[in-house]
Amino acid sequence: MKKTIKKPELLAPAGTLEKLKIAIDYGADAVYIGGQGFGLRTRAGNFSFEEMQEGVAYAERHQAKVYVAANMVTHVDDEKGADEFFKKLAAIGIHGVIVSDPALIEICQEAAPALEVHLSTQASAVNAETLNFWQELGLKRVVLGREVTMEELKAISQNSAVDIEVFVHGAMCISYSGRCVLSNHMSLRDANRGGCSQSCRWKYQLYDLDGAGNRRDFSGPAGEPFSMSAVDLCMLEHLPDLIENGADSLKIEGRMKSIHYVSTVVNVYRKAIDTYLADPAHYQFDPHWLDEIWKVSQRELSTGFYYAEPTAAEQLFGPRRKRPTYTFIGEVLAYDEATKIATIRQRNHFSVGDAIEFYGPQWQTHFMQQVEWMENEDGERIDRAPNPMMLLTMPVTAPVRAGDMIRKKGEPA
Ligand code: SF4
């Protein structure tokens, strides 16, 4: 049942309609979103049916797909309304739903038989027999548990014909495939019903009591607070391994991430995948791609479980050891070729004299310059852009396009 290697899908997170469009503009083949129910990100900007409709239309204009995550664990009565929900998704033209609970899978298959069902990573599928089981039940794709190794991916793909989706970038859970109740205990929010409060990433004081009741502090040499958080996954340097070992879809985690994050990470992975596919035999990883990734805010990076069991270095027990190098400041709305003036929408503070970088989809725009001057909407010169979402004009040293992004050197405050 060995599969032939084909071009993998680059699958990006989209917490809002704006992020959906940006992810597609920057190179995603597909995006995954949340609806108003049945998902695991109640704090992400979940889509109304109207927004989904607009998202599907936008995606299809760009030959991309939209999947909806409906991967909560349903307790008694939680599944109420799921049949109507799935029918509506099918009517809108959603290309697939990501589900883990067998109750929701069955409801979806009965209510909307044409809607493609993908098994969520929450279901912890980590062997070929499990994939074949779900395929026999009519599922088209399985998102593997993040705990699979590269060798296991190879074995799975050689013994199963169902589409395989794997994570390539983003946050990891310290619990097995996100099956975690830490948040339930710490904040009374059920992680498996969309309420995770990221309790593993909080700062704790760690100590033990000896026989006499004295505290023995385990907080670390500098008295640092203790966190249970894992560092983030980054498979950018190992994409050929994933593609050659049978991954059909490469998934970036992070529906709650910013447009800066989505545009940057999608851009880099698009470039690396296309470079590899253009000439696999002579493919060479470009270290600048990793520098690009480090321009956005994230935890430190590792290869997760793919090559070895994560060690203590893959946990964030103390403070971050590496920081992002840029701060997102805005996006380009328009450019006047005659005057070489760009209109931008500001997102974060910046000032005249700051070193700023413009970048765009597939780096058609990519240059640095200093802010020479800028004007507000009333045409007044200002030294500092103070209010988020202000419209500004400024001269640029190279052509820019609507949709390009701007960041300044220096980590976020
Ligand atoms: S608390 Fe941490 S480990 Fe648990 S589900 Fe949330 S992110 Fe995952």
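Atoms within a ligand are numbered from 1 in the order they appear, just like the ligands themselves. Computed from a prediction, not measured in an experiment: that's the story for all the values here.
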Item checked: Near atom 2 (Fe) of ligand 1 (cut-off under 2.8 Å), count of protein N, O or S atoms -> 1
Next item on the list: Using a strict 4.0 Å threshold on nitrogen-to-oxygen distance, state whether E292 and R407 make a salt bridge.
Entry: yes
Note to self: Going by ring pair (Phe, Tyr, Trp, His ring centres under 6.0 Å), name the residues that satisfy it together with Y269, two or more places apart in sequence or in a different chain.
What the structure shows: H169
Margin query: Looking at H349, is its backbone amide N or carbonyl O close enough to the side chain of K408 to form a donor-acceptor pair, meaning the two atoms are under 3.5 Å apart?
Written below: yes
Next item on the list: Compare all side-chain heavy atoms of F367 with those of E357 and state whether any distance is below 4.5 angstrom.
Entry: no
Next item on the list: Count the heavy atoms belonging to other residues, nucleotides or ligands that lie under 6.0 Å from CG of D291, then report whether that count exceeds 12.
Entry: yes
Next item on the list: Name the orientation class of the two ring planes belonging to F285 and W289 (parallel below 30°, tilted from 30 to 60°, perpendicular beyond 60°).
Entry: perpendicular
